[in-house]
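Just so it is clear: chains get the letters A, B, ... in the order the sequence lines come, proteins before strands, and each one is counted from 1.
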Amino acid sequence: MSGNDQPNGSATERYNIREMEPHWQKVWADNKSFELAEDDPRDKMYVLEMFPYPSGRLHVGHVRNYAMGDVVARYHRAMNKAVLHPMGWDAFGLPAENAAKKSNVDPRQWTYDNIAAMRNQLQQMGLTLDWSREFATCDPEYYAHQQKLFLDFLEAGLVTRKKSRVNWDPVDQTVLANEQVIDGKGWRSGAEVEQRELVQWFFKITDYAEDLLSAIDTLDGWPDKVRIMQRNWIGKSEGMLIRWEIDPATAIGGIEELEVYTTRPDTIFGASFMAIAPDHPLATAAAKDNKDLTAFIEKCRRMGTSAATLETLEKEGVATGIHVKHPFDPDWTIPVYIANFVLMDYGTGAIFGCPSGDQRDLDFARKYDLPVVPVVMPKDADAASFEIGAESYADPGIMLNSKFLDGMANSEAFDEVARRLGNAEVNGRPQGERRTNYRLRDWGISRQRAWGCPVPIIHCDNCGVVPVPAADLPVELPDEFDLSKSGNALDHHPTWKYVTCPSCGADARRETDTMDTFVDSSWYFARFTAPKASTPTVPEIANAWLPVDQYIGGVEHAILHLLYSRFFTRAMHKTGHLDLDEPFKGMFTQGMVTHETYQNDKGVWLAPDQVQVDTVDGDRVATEIATGKPARIGSIEKMSKSKMNGIDPEDILNTHGADAARWFVLSDSPPERDVQWTEAGIESAHRFVQRIWKLVNEGQTLFSQSPSEVDTDTADADALRAKVHRTSAAVGEEIAGLRFNRAIAHIYELTNAMAKFVAETHEDPDAAHLAALREAVDHLVVIISPFMPHLAESCWQALGKQGLVCDALWPEVDESLLVDDNVTLPVQVNGKRRGEIVVPLDAPQSMVETKALSLDAVARILGGKPPRKLVIVPNRIVNVVA
RNA sequence: GCGGGCGUGGUGGAACUGGUAGACACACAGGACUUAAAAUCCUGAGGCCUUUGGCCGUGCGGGUUCAAAUCCCGCCGCCCGCACCA
């Protein structure tokens with residue numbers, strides 16, 4: 001690829017990427033083109049892409065994400081908006097600590113070095129970012145304000161402390177993240193991981209469960225799938241709390257009842273066992289003098305804490321010997337099991353198992369030989385013969401085997417059970433109460449890690465938990481960390497945690513937990529509106545800009561990050577930092593970037609640059625370059641280190657340029673879907689850059705000629721004008737709707753039409769043709785500018801335009817050129833296309849009918865008989881039913 | 001396991017609210033230019049057949065409709081998330 005040095009035979013030089021891209025980047029920077037003026041009076045538009053973790057190298061997924069945001073931002077600049085388009089760094093987190101442990105570097109140094117490298121790469125992309133607003137979440141100037149927010153939330157009653165479980169590595173003496181637990185073992189030590197309870201800090205997101213749920217309905221700028229995922233995550237259910245009396249003969253530890261939450265009280269006569277979580281108080285009591293139970297609970301404790309792990313386990317349980325009495329039959333007792341699939345965090349940590357109505361319960365019952373009594377059956381089933389085999393029946397239906405409920409719809413049975421249990425009493429309280437439950441749990445933010453935002457709290461033996469006074473903020477991280485030791489470096493730092501109590505002056509200790517990095521990213525979008533302010537936000541400014549008009553990021557953040565940000569916005573509202581509840585008006589989740597995988601004959605993964613791919617007899621064949629041996633072309637997968645199928649954007653930017661890279665990642669695939677990176681694809685984008693340059697220059701050459709007499713027939717000039725205006729309108733609409741791939745297809749079509757037109761016009765340029773071409777080129781340069789901003793500037797300059805195309809307005813679309821006088825209607829016979837007719841727009845039915853029926857193909861099939869039916873959809877289609 | 005999504009030519013995809021399936025691009029083939037190559041330009045193409053015509057065709061199997069990639073029912077496959085990765 002050395003194409004920049006050779007003239008191609010015509011007068012047009014190749015477009016020199018390596019010269020022009022840095023040139024325009026410098027021009028934009030020197031002009032401060034993308035720095036937003038505080039007093040810009042135009043309509044506001046806030047475009048934001050999820051800020052990256054500074055790993056040190058840009059990933060192709062970032063390129064796609066930021067290319068999308070930049071196209072949107074540039075389009076809105078062209079629509080004459082004041083566009084806020086900032087960038088920063090999600091800079092706290094595990095990788096810095098891991099790097100520090102591995103290579104003995106300072107996590108702070110490592111992080112800021114990475115930021116410098118990535119900023120440089122982002123700048124090479126030619127983005128319209130306002131770098132004057134940049135910050136990293138590990139800047140004390142940022143996290144100081146986060147600590148202030150924590151204190152304000154604490155004062156507002158939005159923070160709590162409680163016990164929760166963590167993955168504990170007994171060898172490394174450290175808390176492990178879920179991703180550090182592999183097959184139940186610590187990734188570094190290989191030791192069996194244990195669950196351990198720690199007292200931790202929580203944000204009370206559950207206080208907002210109902211609000212976070214109901215407000216989802218207002219988020220009409222979000223993808224439906226994200227809204228559905230959020231709804232399901234919050235998981236509202238209407239059920240009952242039922243108190244089951246423990247049979248005194250089997251009671252242990254003086255516990256007299258078992259509280260159970262259920263969404264299916266109607267199935268109460270199908271109950272055949274009770275299951276409690278391994279860490280349920282009753283389980284603890286039962287295990288006290290019971291080795292089997294203790295062993296089982298121990299086993300459960302070594303399963304890790306992630307829900308995915310727990311729920312994919314084989315369902316197991318152990319009977320406690322405890323029995324409960326059935327509320328409607330004092331002689332019926334039901335055994336209580338400790339089960340590995342019941343979670344203490346959900347409901348009451350105890351369930352009643354109804355095997356006929358729940359697959360998980362059925363599997364459990366079959367395994368332990370418990371009764372399976374069908375209590376709900378489909379409407380049309382027969383009560384005498386209805387049985388449960390391998391599958392439970394969980395759908396609505398009619399009650400059976402349920403005494404006084406028999407024959408009712410199960411929804412009626414729900415109400416009847418609620419009524420009866422509400423009137424009964426156990427230990428002086430109602431035996432049953434209706435209860436709305438949420439799956440959503442409070443947000444545990446404590447992390448036992450050094451590279452995070454310190455929780456601004458001091459523990460004093462006299463005063464207990466004491467907030468750090470606002471005047472003492474920030475609580476800064478120490479200058480030096482010793483990450484070589486296991487455990488939390490803040491905790492074993494020689495001096496950092498030792499302070500005096502701000503309340504009584506006695507010796508006290510700092511909280512050594514830091515905050516979850518999701519906290520950092522839950523309000524950065526607000527900080528960008530006033531990044532230098534001495535308070536977390538300047539409310540007037542933040543309220544003027546927020547909510548973010550268009551937020552773009554990976555679908556992997558569809559639940560947690562977005563939900564936490566929504567909570568934070570509400571919490572900041574409550575504490576006076578913001579005056580709104582929903583942070584993101586428009587949300588978009590982009591797909592991943594994938595690539596083929598390659599393996600050599602030994603099964604070793606090969607990187608794309610270690611492989612040469614050729615086409616032999618129409619088949620793609622890969623060769624390992626180092627050995628010359630054939631390599632296997634494997635499946636297309638998400639780029640990953642392990643499979644070696646990643647592409648380094650830096651290489652792409654250097655060889656093909658930012659414009660080609662931006663163009664490629666947005667073409668072909670719809671943005672919400674995965675895009676496959678291919679060498680052919682980026683090369684074609686590169687060729688297209690050159691093609692536009694040539695086209696603009698050829699047009700330019702034509703304009704400089706003096707036109708011949710105006711041709712009386714200007715039909716093809718008019719056709720081009722219609723195409724141009726239609727394209728400008730369509731590209732604008734597609735960008736506004738984030739359908740970049742379609743916008744690009746429109747641009748291809750226009751350039752194809754223009755190339756043809758240029759070739760024809762060369763013969764005999766007349767005034768009408770030259771005017772149409774001139775207009776086409778003018779439009780083209782502006783509508784490509786969001787995608788290929790450097791090339792567009794070069795073209796703009798070549799055309800002798802004033803100023804910069806990044807400041808130019810979108811072309812005015814002449815609506816009168818968009819309407820066609822005639823429409824082409826396909827004509828079907830029995831739903832199969834047999835021909836087409838051309839009729840005037842809004843032609844009368846009789847004309848359409850006559851023309852359609854007179855088509856040869858139609859007449860032949862009808863064979864002289866009249867059609868049975870004629871369906872005419874005006875201006876769309878004709879269907880003849882023979 | 002639970003929740004969400006996706007599935008269309010050799011490939012990525014397009015197809016508006018049920019209305020011409022395959023736009024646009026890649027790869028491929030043929031041609032022009034060239035001493036040659038690259039680059040560029042032009043042309044062709046879903047599959048099958050008895051080829052101015054016909055049949056089949058949007059993961060699979062049914063259904064609704066004048067008309068289904070699109071709606072409904074039942075399957076299959078792949079991908080993402082699951083609360084300490086970010």
Side-chain angles (χ1 to χ4, degrees), chain A residues 3 6 8-10 14 50 52-53 55 90 92-95 166-167 175-181 223-226 228-229 231-233 235 305-313 315 341 345 359-360 440-449 516-518 521 554-561 563-564 589 591-592 594 615 618-620 635 637-638 667-670 672-676 678 680-681 683-685 687-688 690-691 694 741-742 744-749 752 755 759 824-836 857 867-871 873 876-881:
Chain A
Q6 281 198 355
N8 71 347
S10 79
R14 298 267 293 171
M50 289 180 184
Y53 180 80
S55 60
D90 190 11
F92 277 133
L94 271 183
V166 294
N167 299 308
V175 176
L176 298 178
N178 282 334
E179 71 158 13
Q180 297 174 317
V181 179
D224 284 340
K225 66 170 173 179
V226 176
I228 292 167
M229 283 191 263
R231 264 187 212 110
N232 290 338
W233 186 259
T305 58
S306 94
T309 311
L310 296 181
E311 302 208 14
T312 45
L313 282 173
K315 312 290 172 275
F341 61 89
D345 298 306
Q359 193 58 43
R360 205 163 46 173
L440 181 68
R441 308 199 299 254
D442 276 333
W443 174 13
I445 60 156
S446 282
R447 297 292 181 270
Q448 293 69 42
R449 319 217 179 273
D516 180 6
T517 55
F518 271 124
S521 55
V555 67
E556 66 273 21
H557 292 296
I559 297 176
L560 292 179
H561 164 60
L563 194 64
Y564 291 153
T589 55
M592 298 177 305
T594 61
T615 306
D619 291 325
R620 299 180 66 245
S635 58
E637 302 199 35
K638 176 180 178 172
S667 56
D668 288 1
S669 282
E672 68 278 11
R673 245 194 268 176
D674 293 352
V675 64
Q676 189 195 342
T678 61
E683 278 168 11
S684 118
R687 280 201 300 273
F688 189 65
Q690 297 297 344
R691 195 170 160 218
K694 198 178 143 208
N741 57 320
R742 283 160 53 166
I744 283 174
H746 284 298
I747 293 173
Y748 272 122
E749 283 190 61
N752 289 344
T824 304
L825 297 187
V827 178
Q828 300 178 328
V829 179
N830 296 333
K832 281 192 180 128
R833 185 183 172 281
R834 297 293 164 174
E836 57 187 36
R868 283 203 289 146
K869 192 174 170 185
L870 197 61
V871 181
V873 184
R876 270 232 115 126
I877 201 167
V878 180
N879 191 12
V880 181
V881 185

[X] side-chain N/O to [N] phosphate OP1/OP2 under 4.0 Å:
X	N	answer
A:Asn232	B:rG4	yes
A:Ser669	B:rG12	no
A:Asn178	B:rA83	yes
A:Arg673	B:rG5	no

Notebook entry, point to check: Syn or anti for B:rG9, with syn set at within 90° of 0?
Noted result: syn

Next item on the list: Starting at the 5' end of nucleotides 15-23 of chain B, put B wherever the base has a protein heavy atom under 4.0 Å, S where only the sugar-phosphate does, and a dash everywhere else.
Entry: SB--BBS-B

Margin query: Nearest heavy atom decides the nucleotide; on that basis, is A:Ile559 or A:Phe518 closer to the 5' end of RNA chain B?
Written below: A:Ile559

Note to self: Take N1-N3 plus N6-O4 or O6-N4 for Watson-Crick, N1-O2 plus O6-N3 for G-U, both under 3.5 Å. Which runs of 3 or more such pairs involve RNA chain B?
What the structure shows: B:1-7 with B:76-82, B:10-12 with B:24-26, B:28-32 with B:40-44, B:46-49 with B:53-56, B:59-63 with B:71-75

Next item on the list: Classify the ring geometry between A:His557 and A:Phe518 as parallel (under 30°), tilted (30 to 60°) or perpendicular (over 60°).
Entry: perpendicular

Check: Between A:Phe688 and A:Tyr748, how do the two ring planes meet: parallel, tilted or perpendicular, split at 30° and 60°?
Finding: tilted

Notebook entry, point to check: Does any N or O donor sit under 3.5 Å from an N or O acceptor when you compare the side chain of A:Gln448 with the base of B:rC84?
Noted result: yes

Check: Nearest-Å distance, CD (A:Gln359) to P (B:rG1)?
Finding: 11 Å

Check: Counting any heavy atom closer than 4.0 Å, what does A:Phe341 reach on the DNA or RNA strands: base, sugar-phosphate only, or nothing?
Finding: nothing

